[in-house]
Amino acid sequence: MPELPEVEIARRNLVRWFDGRRLVRADADDTRVFRGAERGHFALLHGRLESLVRRGKYLLFAFEEGRGLLGHLGMTGKFVRRSEGDVVPYSRARFHLDNGQVLHFADARMFGRMEPTPSAGLRSLDVVKALGRDPLADGLTSGQLEQAVASSKQDLKIALMDQARIAGLGNIHAAEALFRAGLHPARKPSTLTPDDWKRLVQAIRASIDFGLEEQQGEEPVYLEDGGSENPFLVYGRGGGPCSKCASPVESFTQAGRTTYACPKCQPRGRTGK
DNA sequence: ACCGCTGTTCTCCG
DNA sequence: TCGGAGAACAGCGG
């Protein structure tokens, strides 16, 4: 699912679930979720969760005795809390707590990732070092946004999804932020005005805030989950009416990902409104 | 039943 | 160096 808001909610859930509890056993199945990482080291995790930091879509776990874990939810990864003995579909790894609860990392498609690493080294892992500013964890001004993104020659939406420029936006929230800012996804970053950058940084914040509210609660919420309505302003609304002006929302492909935009609210030309 | 789609990231080419 | 295509995988809707 997981873009910045969903990963942040996962982080908050885990912090709450671990609060005051001890990890008494960690076990994991032999799956590609561990990639090359030493799965045996996962089983050595134990004791208190001393800190859990999110950077972009990555989770950095620090347990006792300097044992750490890098986590990524991939496309379909999620953490769920169950009682001992409960069966969880696609459970790949489990934290057993001292209160009989079990925190499962469940991931059908296994694009997610678990990498046990000494906690002191988590931040110096290449994938973590490569991340740009995180709008929520680091804060983001319009100037910082411009500095990170304006130099890209790619389409604006692709640049926003580049984790090395800004960490945390994915296909949904990049589209949502651009809609909120009234900017067309195919705009070239170098053509944005200072006012565009200001609207865009506010739109990114608004999109993240909305995502955080949307995802509140115990269980992760997925787009197609429970047949619930599409909560997004433009994402997934191809062919349907724009939520602002009712003109038909267009969908097209950028760098292999589907993009949604309202041609009227997000003009391709110069500046947005 | 089959085809094409899906919220991510990495590797491999040109 | 950069950018696009394809791959990794499973489920779901049309």
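Labels below follow one simple rule: chain letters A, B, ... track the order of the sequence lines, proteins then strands, and each chain is numbered from 1. The basis for the numbers below is simple: all heavy atoms, side chains too, and nothing from hydrogens, waters or symmetry mates.
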Test log, rule side chain to side chain donor-acceptor pair (under 3.5 Å), inputs A/Lys157 and A/Thr259: CA-CA 8 Å; A/Lys157 172 171 173 259; A/Thr259 292; 2.7 Å; yes

Atom NZ of A/Lys188: over 12 foreign heavy atoms under 6.0 Å: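 Yes, the 6.0 Å shell around NZ holds more than 12 heavy atoms from other groups.
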
In whole angstroms, how far is the [atom2] atom of [N] from the [atom1] atom of [X]?
X	N	atom1	atom2	value
A/Arg35	B/dC10	CZ	C1'	9 Å
A/Asp107	B/dT9	CG	P	13 Å
A/Asp126	B/dT9	CG	P	15 Å
A/Phe105	B/dT8	CZ	C1'	12 Å
A/Lys129	B/dT9	NZ	C1'	19 Å
A/Phe252	B/dC5	CZ	P	16 Å
A/Met75	C/dA7	CE	P	15 Å
A/Asn171	B/dC5	CG	P	14 Å

Six-ring centre of A/Phe210, A/Arg180 cation under 6.0 angstrom, axis tolerance 45°: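 Relative to the ring axis of A/Phe210, which defines the angle, A/Arg180 lies inside both limits.
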
Can you check whether [X] has a side-chain N or O nearer than 4.0 Å to OP1 or OP2 of [N]?
X	N	value
A/Thr258	B/dT6	yes
A/Gln154	C/dG4	yes
A/Lys57	B/dT9	yes
A/His72	B/dT9	yes

Sugar-phosphate only, base, or nothing, as touched by A/Gly256 at under 4.0 Å among non-hydrogen atoms: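 If one applies the 4.0 Å heavy-atom cut-off, A/Gly256 turns out to touch nothing in the nucleic acid.
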
Span that lies between the P atom of B/dC12 and that of C/dC9, in whole angstrom: 16 Å

Side-chain donor or acceptor of A/Arg165 paired with backbone N/O of A/Ala148 under 3.5 Å: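 At least one qualifying donor-acceptor pair exists.
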
Side-chain (A/Arg237) to main-chain (A/Phe232) donor-acceptor, under 3.5 angstrom: yes

Side chain of A/Tyr235 (C-beta onward), nearest among C/dC9, B/dC10, B/dT6: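 Out of C/dC9, B/dC10, B/dT6, the nucleotide with an atom closest to A/Tyr235's side chain is B/dT6.
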
A/Arg257 side-chain proximity, nearest of C/dG4, C/dG3, B/dT8: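 Of the candidates, B/dT8 comes closest.
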
Of residues 108-117 of chain A, the positions that come close to DNA chain B - non-hydrogen atoms, cut-off under 4.0 Å: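 Output list: A/Arg109, A/Arg113.
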
Pair A/Phe63 + A/Phe95: ring centers closer than 6.0 Å: yes

Is it true that [X] and [Y] make a salt bridge, defined as a side-chain N closer than 4.0 Å to a carboxylate O?
X	Y	answer
A/Asp27	A/Arg94	yes
A/Arg187	A/Asp155	no
A/Arg39	A/Asp29	no
A/Lys78	A/Glu6	no

For DNA chain B, the dot-bracket pattern of Watson-Crick and G-U pairs whose distances stay under 3.5 Å, | for other-strand partners: .|||||.|||||||

